[in-house]
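A, B, ... follow the sequence lines: proteins, then strands. Residue 1 opens every chain. Heavy-atom basis, side chains included; hydrogens, waters and symmetry copies ignored.
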Protein chains: 2
Amino acid sequence: MSRRSGILEFAVLGLLRESPMHGYELRKRLNTSLGVFRAFSYGSLYPCLKTLVANGWLIEEPGNALEDARAASLAGRRAKIVYRLTAEGKEHFEELLAHTGPDAWEDEHFAARFAFFGQTSRDVRMRVLEGRRSRLEERLEKMRASLARTRERLDDYTLELQRHGMESVEREVRWLNELIESERSGRDLRRDATSQDTSGDTGGMSRDRGSSRTDPSDPTAK
Amino acid sequence: MSRRSGILEFAVLGLLRESPMHGYELRKRLNTSLGVFRAFSYGSLYPCLKTLVANGWLIEEPGNALEDARAASLAGRRAKIVYRLTAEGKEHFEELLAHTGPDAWEDEHFAARFAFFGQTSRDVRMRVLEGRRSRLEERLEKMRASLARTRERLDDYTLELQRHGMESVEREVRWLNELIESERSGRDLRRDATSQDTSGDTGGMSRDRGSSRTDPSDPTAK
DNA sequence: ACACCCATGTAAGGTGTTACATGATTAG
DNA sequence: CTAATCATGTAACACCTTACATGGGTGT
């Protein structure tokens with residue numbers, strides 16, 4: 001049903017898994033917390049929500065039947081339609097999380113996957129990180145080859161663009177290496193005062209807390 | 001006349017301006033020399049070429065009437081339809097190059113613009129570089145604000161993703177600063193003898209967009 | 001003979017945006 | 001009261017991909 005393979009669907013399910021929300025806020029979250037890498041418009045969000053409802057993965061709830069104090073205090077601002085993940089929706093999202101296809105390491109897909117690593121089991125995290133890394137290494141190979149072939153035919157700007165692109169990829173590989181190392185050692189290396197080279201980024205995180213959290217009844221954030 | 005605003009059209013015109021080519025090779029160039037940041041498939045290239053021909057910006061030429069030695073030696077392999085830029089096409093491309101709209105500093109647009117800086121006048125180059133920079137600085141502002149607002153609500157992975165994203169943007173800003181400095185001082189960007197520290201130096205650009213899969217639309221897909 | 005790169009195309013579909021239309025609520 | 005922001009939607013279309021269809025050339 002609905003080959004919405006997309007990132008949007010995934011991100012929506014993931015955000016709603018954390019807590020129910022209405023469309024407007026969902027969109028803001030997509031574009032700030034999550035949306036460092038991508039912005040979505042209402043024109044895609046609302047139709048997507050409808051599809052998800054039609055699939056039984058979400059249910060619409062009235063934001064509130066009457067504008068009483070409780071609703072105001074909980075939501076800050078009154079909501080019109082609040083979307084909540086159903087049991088099927090949760091299950092579906094779990095499947096998406098576990099699914100490690102070669103799609104998962106493409107640029108935008110990867111970022112979306114990473115954003116929900118907090119709800120992903122460690123072995124899947126490792127597969128995704130390593131998949132991403134080898135994807136990037138392939139890319140580097142091609143870039144290097146192509147650069148070697150065409151070096152002198154290119155003008156300075158094109159060359160600079162390529163160089164810069166390659167460096168960006170190399171940098172991401174280093175980042176992934178650190179993340180993978182972190183995961184492997186289960187360490188929480190908290191970048192406090194380690195290396196201070198050009199790249200500056202000492203990745204690292206985790207804190208591990210038992211793979212996947214299982215608490216749906218999280219009282220609405222904020 | 002075809003609101004093909006796109007990057008594809010721009011890149012095709014730019015590449016053909018340098019020398020005539022047939023579609024197949026054009027596509028390879030888009031995906032290697034130029035295509036560090038983006039891959040196009042035949043499914044978009046050929047229709048685009050037709051549109052450009054219809055607009056009078058390109059003409060189709062027979063690759064060669066007879067398979068003589070000259071054609072083989074020049075192109076390596078025999079071409080079927082060679083596209084060549086017309087005078088109108090050249091003029092149109094010139095206009096596109098000169099046009100400094102706010103589109104020009106969006107991720108993919110910017111990369112395409114940059115790739116043809118060799119054919120762009122210095123003042124336009126400056127405007128594009130500075131436009132891009134302020135675009136990124138806006139972005140940084142938003143990211144910082146959003147981060148400050150939501151810091152403690154986010155799990156480690158989301159935080160790490162944001163941090164990494166911000167660093168990438170900061171890097172690109174530094175890169176732009178150097179480029180702008182270069183332009184301002186009339187220097188060529190030839191970085192050969194300049195900064196040569198640990199990680200190379202400047203860097204960090206469009207990492208979050210533009211996928212470039214290895215080889216989509218491979219006609220011989222098993 | 002077979003496989004595999006070169007080379008050109010088309011039809012259908014996916015995935016998202018822009019621009020528009022509408023109205024409720026809150027702050028000055 | 002008015003403007004801004006919150007909130008929900010829809011229709012049209014931009015732009016690109018996938019999968020298919022077709023055939024020539026070249027090496028083993």
Side-chain angles (χ1 to χ4, degrees), chain A residues 2-12 21-31 35 37-51 53 60 62-64 66-67 71-72 75-83 103 106 108-109 112, chain B residues 1-12 21-31 35 37-51 53 60-64 66-67 71-72 75-83 102-103 106-109 112 209-222:
Chain A
S2 107
R3 269 283 69 73
R4 287 208 158 292
S5 64
I7 291 148
L8 220 198
E9 169 183 307
F10 180 76
V12 164
M21 257 177 282
H22 57 271
Y24 192 87
E25 193 182 350
L26 209 36
R27 192 234 180 194
K28 276 198 308 187
R29 297 279 226 107
L30 285 171
N31 295 240
F37 55 92
R38 173 134 206 190
F40 291 98
S41 60
Y42 298 121
S44 41
L45 177 57
Y46 285 118
C48 173
L49 285 169
K50 291 205 158 174
T51 304
V53 168
E60 299 179 349
N64 54 350
L66 9 77
E67 39 276 70
R77 283 167 206 313
R78 184 162 94 99
K80 287 195 170 163
I81 302 177
V82 170
Y83 293 90
D103 306 1
E106 291 309 316
E108 308 210 332
H109 246 54
Chain B
M1 285 98 182
S2 104
R3 266 283 68 72
R4 290 210 156 288
S5 64
I7 291 147
L8 220 198
E9 169 182 309
F10 180 76
V12 165
M21 258 176 282
H22 58 270
Y24 193 86
E25 193 183 347
L26 208 37
R27 192 234 178 195
K28 276 198 308 189
R29 297 278 226 105
L30 284 170
N31 296 228
F37 55 92
R38 174 132 206 192
F40 291 97
S41 60
Y42 299 120
S44 40
L45 176 58
Y46 285 116
C48 173
L49 285 170
K50 291 208 156 173
T51 304
V53 168
E60 299 179 350
E61 290 178 347
N64 55 349
L66 9 79
E67 42 273 71
R77 285 167 204 312
R78 175 165 97 98
K80 285 192 171 165
I81 303 178
V82 171
Y83 292 91
D103 307 2
E106 290 309 317
D107 301 293
E108 308 210 335
H109 247 52
R209 276 190 188 241
S211 59
S212 98
R213 340 257 299 247
T214 328
D215 194 39
S217 89
D218 192 312
T220 60
K222 60 195 47 80

Nearest heavy atoms of A:Pro47 and A:Tyr42, plus distance in Å: CD-O, 3.6 Å
Starting at atom [atom1] of [X], determine the distance to atom [atom2] of [N], rounded to an integer number of angstrom.
X        : N      : atom1 : atom2 : value
A:Phe10  : C:dT15 : CZ    : P     : 15 Å
B:Asp103 : D:dC15 : CG    : C1'   : 14 Å
B:Ile81  : C:dC6  : CD1   : P     : 18 Å
A:Leu30  : C:dT17 : CG    : P     : 10 Å
B:His22  : C:dA7  : NE2   : P     : 3 Å
B:Glu108 : C:dG16 : CD    : C1'   : 13 Å
A:Lys28  : D:dC6  : NZ    : C1'   : 8 Å
A:Arg27  : D:dG9  : CZ    : P     : 15 Å

Are OP1 or OP2 of [N] and a side-chain N or O of [X] less than 4.0 angstrom apart?
X       : N      : value
A:Ser44 : C:dT15 : no
B:Lys80 : D:dG25 : no
A:Tyr46 : D:dT8  : yes
B:Tyr24 : C:dC6  : yes
B:Lys50 : C:dT10 : yes

Among the nucleotides D:dT17, C:dT10, C:dG9, which one has an atom lying closest to any side-chain atom of B:Phe40?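 For the B:Phe40 side chain, the nearest candidate turns out to be D:dT17.
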From C:dG9, D:dC16, D:dG9, nucleotide with atom closest to A:Tyr83 side chain: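 It is D:dG9.
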Side-chain touch B:Tyr83/B:Glu60, heavy atoms, less than 4.5 angstrom: yes
Spacing of A:Phe10 atom CZ and A:His109 atom NE2 [to the nearest 0.5 Å]: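 The distance works out to 8.0 Å.
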Atom pair CE/CD1 of A:Met21 and A:Ile81 - distance to nearest 0.5 Å: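 Between atom CE of A:Met21 and atom CD1 of A:Ile81 there are 15.0 Å.
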By the 4.0 Å heavy-atom rule, please label A:Gly43 as base, sugar-phosphate, or nothing.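 The answer is base, as A:Gly43 lies within the cut-off (heavy atoms under 4.0 Å) of a base atom.
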Any donor-acceptor N/O pair, A:Arg27 side chain to A:Leu45 backbone, under 3.5 Å: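 No; zero donor-acceptor contacts below 3.5 Å.
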